[in-house]
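Below is one structure, written out as structure tokens; the observations come after it.
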Amino acid sequence: MNEAARDFIRQIIADDLASGRHREVVTRFPPEPNGYLHIGHAKSICLNFGVAEEFGGRCYLRLDDTNPLKEDQQFVDAIMRDVRWLGFDWGDRLTHASDYFEQFYDCALELIRNGKAYVDSLNAEQIRAYRGTLTEPGRDSPYRDRSVDENLELFQRMRAGEFADGEHVLRARIDMASGNINLRDPILYRIRRARHQRTGDDWCIYPMYDFAHTISDALEGITHSLCTLEFEDHRPLYDWILDQLDLPSRPRQIEFSRLNVAYMITSKRRLAQLIEEGRVGGWDDPRMPTIAGLRRRGYPPAALRDFCARVGVTKKEHLIEMALLENSVREQLNADAPRAMAVLDPLKVVLTNYPEGQTESLPAARHPQRPELGERELPFSRELWIERDDFMEDAPKKFHRLKPGGEVRLRNAYIIRCDEVVRNEAGEIAELRCRYDPDTRSGLPGAQRKVKGTIHWVAAAAALEAPVRLYDRLFTVPRPDADRSGRDFHEFLNPDSLRLVPDAKLEASLAAARPGEVVQFERLGYFVADSEDSKPGRPVFNRIVTLRDSWAKIEQAALQAER
RNA sequence: UGGGGUGUAGCCAAGUGGUAAGGCAGCGGGUUUUGAUCCCGCCAUUCGCAGGUUCGAAUCCUGCCACCCCAGCCA
């Protein structure tokens, strides 16, 4: 694995192994259980677990539960489910920051004894004022020089619950004049009378991220602590903590840029807001960028892993086009998804020369490139549904579907010719009267005859009617949460992110689709039987992604040319 | 005005002094009973800009410019 380092982090790790600095690789994925994991986390999961796997090391799943006000067990369960679904295994390395509360406390005592931490009794407002600004240094707190004994006593009393929330904090004694604000005596512990989901009421003081995270890394023997760019200027603090304490290992923090995908937001706060406001159905709504949402949408885990691998790992800010994600999804789905036919916007076709009452059953391959997947049977009869936009009265020459007097092939069946267009009183096209050519049934020698187009269809009498949900991007602009003019991301919600087709006409064999099963509706896209709303015999389908559509491009180009 | 980062094609991304990989997108062509898939070809004389060093610079030096992050008792 050494020579094939795919990114700068793997390069560093390979070098560390080669130089003997480390003999093994230990990483961790440390989410805070205050929301669901999203596609950005997927990148971090793939990186941390992937690196460990590739270098024969191990990776911890560590729940960073140091703030009882925000965290919840339901999120812990969801996180485990999502990591597992993505294809990763933490073995017996499931940990919680709260497992180490006692050790954190001991570390705090050690800092106090060495004069490296003190109890500050300024209130929150005062602490902010004393901190200075980006360009002006801060000032020392009047409590900064309390004696070791006084600090020890106060801190012990903090733990014992003798003070109200906010009355005191424990601070590191570093440098109030540092250009790096994280070094201006950062807060290590705060008093918070809140019931913790794992430790209950054992504690009323809780450690801050920088303190808890650094020590957790060291206790677990993490060799490479991988995190996103916004923690870059926390690294001096990370290293300072490691310098002060007597810990079993010395991890190294390395930062990489977080994943940004166009037309998506990954702020947990904003995602939670969308749910609260009822803009989406929940954390697993198929439009959500959450792992649960993508799963319900029908994205295969392998597609997500492939996507993360293609995106790469660097320190550069980026905005990945959705097309890259969709390419990974289509690539997975094309290989495995069985084919079926479904008509979403039906137009009736009557085959005038097909005997009334007659039906037949036509075999059709489940997958054109994979004969081993077998065949399914398609009922065929006199009345059919075809897609409304597969017919055009005044068709351009490039349109090779059905037109008056024209021929088209019905996929897996016969060639038909359109003789007559029947209209209703409103003047709308109500039905097409066509003739079929009996010699051209698929499999027969007559089927060799070439026609320009092939369209999909469903026999009317045998059609399964089922709801189909057509999903599209949730937002109308690539960066909904970074608008230059300061407009709120709500303004960019896509009103057409979900279009419901209440009774699409589906090929009969689709009645057997199990929840979670993926199929390709030929010429339309990939669809999944919804895992929540499908009932036996009555599936509800979600559109995962459309097929590539070069006709749509031609049409668009024509439209452009007209202008 | 302090500190920390980042600039290679439309979007990502390799490149580590020897003459710009690869993917996505796009364009052109072939195969095709999915306008899908698959296959072939094209797509950076130039690496944020300006100087300098060198036989030779995306890579080294100097200066400049642009963008991102940091002032939670959040993570």
Side-chain angles (χ1 to χ4, degrees), chain A residues 6-7 11 30-32 34 64 66-67 69-71 120 122-124 127-129 131-138 165-166 168-171 177-184 186-192 206 208-210 212-213 227-236 255 257 262 268-269 309-328 330-331 334-335 339 341 364-365 367-369 398-401 408-413 415 440 442 447-448 450-456 478 520-525 546-555:
Chain A
R6 291 185 295 148
D7 53 66
Q11 187 68 251
E32 183 190 11
N34 67 342
D64 205 355
T66 56
N67 186 354
L69 258 28
K70 294 189 173 178
E71 295 143 11
D120 197 355
L122 255 23
N123 65 34
I127 287 180
R128 196 183 323 121
R131 189 151 35 221
T133 69
L134 292 180
T135 52
E136 305 155 38
D165 287 13
H168 305 286
V169 290
L170 184 72
R171 289 233 247 173
S178 172
N180 182 341
I181 290 176
N182 294 298
L183 262 21
R184 315 236 265 232
I187 291 167
L188 267 19
Y189 265 94
R190 75 282 214 193
I191 300 172
R192 194 158 256 178
Y206 291 96
M208 297 290 287
Y209 163 83
D210 290 291
H213 188 259
C227 64
T228 43
L229 251 29
E230 62 268 31
F231 295 103
E232 212 152 15
D233 41 11
H234 289 240
R235 181 160 21 100
E255 311 84 13
S257 52
K268 278 194 243 180
R269 203 195 97 246
R310 288 183 196 234
V311 163
V313 180
T314 66
K315 299 191 69 156
K316 192 183 147 197
E317 304 266 2
H318 56 233
L319 214 219
I320 308 293
E321 290 176 342
M322 246 190 177
L324 188 69
L325 212 206
E326 294 187 335
N327 174 70
S328 292
R330 290 193 184 106
E331 201 170 288
N334 175 57
R339 272 50 171 177
M341 291 197 285
H367 190 122
Q369 281 84 38
K398 278 183 167 178
F399 182 86
H400 38 257
R401 281 122 85 156
V408 77
R409 183 186 304 278
L410 295 179
R411 166 130 253 231
N412 299 307
I415 293 172
T440 58
S442 295
Q448 300 305 312
K450 295 292 175 202
V451 288
K452 268 171 291 185
T454 300
I455 63 173
H456 59 276
Q520 183 195 99
F521 291 173
E522 286 190 291
R523 304 213 305 133
L524 295 177
T546 62
L547 256 32
R548 272 197 191 83
D549 188 353
S550 53
W551 171 248
K553 281 180 206 160
I554 294 167
E555 270 187 318

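Throughout, a chain's letter reflects where its sequence line sits, starting with A, and its residues are numbered from 1.
Within 4.0 Å (heavy atoms only), A/S328 reaches no atom of the nucleic acid at all. Across all strands shown, A/S550 has heavy atoms under 4.0 Å from sugar-phosphate atoms exclusively, and none from any base. Using a 4.0 Å heavy-atom cutoff across all strands shown, A/M208 reaches sugar-phosphate atoms only and no base atom. Heavy atoms of A/K553 sit under 4.0 angstrom from primed sugar atoms or phosphate atoms, though from no base atom. Within 4.0 Å of A/P30, counting heavy atoms only, lies no atom of the nucleic acid at all. Base engagement by A/I187 is indicated by at least one non-hydrogen atom pair under 4.0 Å involving a base atom. Across all strands shown, A/H234 has heavy atoms under 4.0 Å from base atoms, whether or not it also approaches the sugar-phosphate. When heavy atoms are screened at a 4.0 angstrom cut-off, A/Y189 is found touching no nucleic acid atom at all. Among the heavy atoms of the strands lying under 4.0 Å from A/Q520 is at least one base atom, whether or not backbone atoms are also near. Counting non-hydrogen atoms under 4.0 angstrom, A/S178 reaches nothing in the nucleic acid. Looking at heavy-atom distances under 4.0 Å, A/F521 makes no contact with the nucleic acid at all. Residue-level contact check: A/N123 touches the bases, meaning some heavy atom is under 4.0 Å from a base atom. At the heavy-atom level, A/H400 lies under 4.0 Å from base atoms of the strands shown. Residue contacts shown for A/D210 are absent, as no nucleic acid heavy atom lies under 4.0 Å away.
Of the candidates B/C73, B/C70, B/U6, the closest approach to any side-chain atom of A/R190 belongs to B/C73. Side-chain atoms of A/R523 lie closest to B/G35 of the nucleotides B/U6, B/G35, B/U16. Side chain of A/L134, nearest nucleotide from B/G2, B/G35, B/C73: B/G2. Side-chain proximity of A/V169 to B/C73, B/U34, B/G15: nearest is B/C73. Side chain of A/I127, nearest nucleotide from B/C73, B/A13, B/A75: B/C73. In the set B/G72, B/C24, B/A36, B/G72 carries the atom at the smallest distance from any side-chain atom of A/R128. Closest to the A/R411 side chain, of the nucleotides B/G35, B/C12, B/U34, is B/U34. For A/K70, taking side-chain heavy atoms from C-beta onward, the closest of the listed nucleotides B/C74, B/G35, B/U37 is B/C74. The nucleotide whose nearest atom lies closest to any side-chain atom of A/K315 is, among B/G3, B/G5, B/U34, B/G5. Of the listed nucleotides (B/U34, B/C24, B/G7), B/C24 has the atom at the smallest distance from the side chain of A/R548.
On a pure distance criterion of 3.5 Å, a polar donor-acceptor pair joins the side chain of A/R339 and the base of B/U34. Donor-acceptor pairing under 3.5 Å, judged by distance alone, is absent between the side chain of A/E255 and the base of B/G5. Looking at A/Q369, its side chain comes within 3.5 Å of the base of B/U37 through a donor and an acceptor atom. Side chain A/D233 to base B/G3: a donor-acceptor pair is found below 3.5 Å.
Spacing between B/U59 and B/U54 at atom P, rounded to whole Å, works out to 16 Å. B/A57 and B/U19: their P atoms are spaced 12 Å apart (whole Å). With P as the reference atom, B/G23 and B/C42 are 12 Å apart, rounded to whole Å. B/U46 and B/A58 have their C1' atoms separated by 9 Å, given to the nearest Å. When the P atom is used for both B/C49 and B/C65, the distance is 15 Å, rounded to whole Å. To the nearest whole angstrom, the two P atoms, one in B/G48 and one in B/G10, are 13 Å apart. Across B/C47 and B/C60, the matching C1' atoms stand 16 Å from one another, rounded to whole Å. With C1' as the reference atom, B/G7 and B/A13 are 14 Å apart, rounded to whole Å.
A side chain to side chain donor-acceptor pair (under 3.5 Å) with A/N34 is found for one member of A/K70, A/K268, A/R269 and no other, namely A/K268.
Listed pair A/T66 / B/A75 meets the phosphate criterion, a side-chain N or O lying under 4.0 Å from OP1 or OP2. The phosphate of B/G35 has neither OP1 nor OP2 within less than 4.0 Å of any side-chain N or O from A/K398. For B/G72, the OP1/OP2 oxygens have no side-chain nitrogen or oxygen of A/R192 closer than 4.0 Å. Within the structure, every side-chain polar atom (N or O) of A/R6 is placed at least 4.0 Å from both OP1 and OP2 of B/G22.
Contact detail for A/E522 and A/N412: the closest heavy-atom pair is OE1-ND2, 4.2 Å. Pairing each heavy atom of A/L122 with each of A/D120, the nearest pair is N-OD1, 3.2 Å.
With hydrogens and angles disregarded, a donor-acceptor distance shorter than 3.5 Å links the side chain of A/H400 to the backbone of A/K398. Proximity of a side-chain donor or acceptor of A/S178 to a complementary backbone N or O of A/L183 within less than 3.5 Å is not detected. Between the side chain of A/R409 and the backbone N or O of A/A447 there is at least one donor-acceptor pair closer than 3.5 Å.
With its ring centre under 5.5 Å from that of the base six-membered ring and a plane angle below 30°, A/W551 counts as stacked on B/G35.
Syn is the classification of B/G72, since its glycosidic angle stays within 90° of 0.
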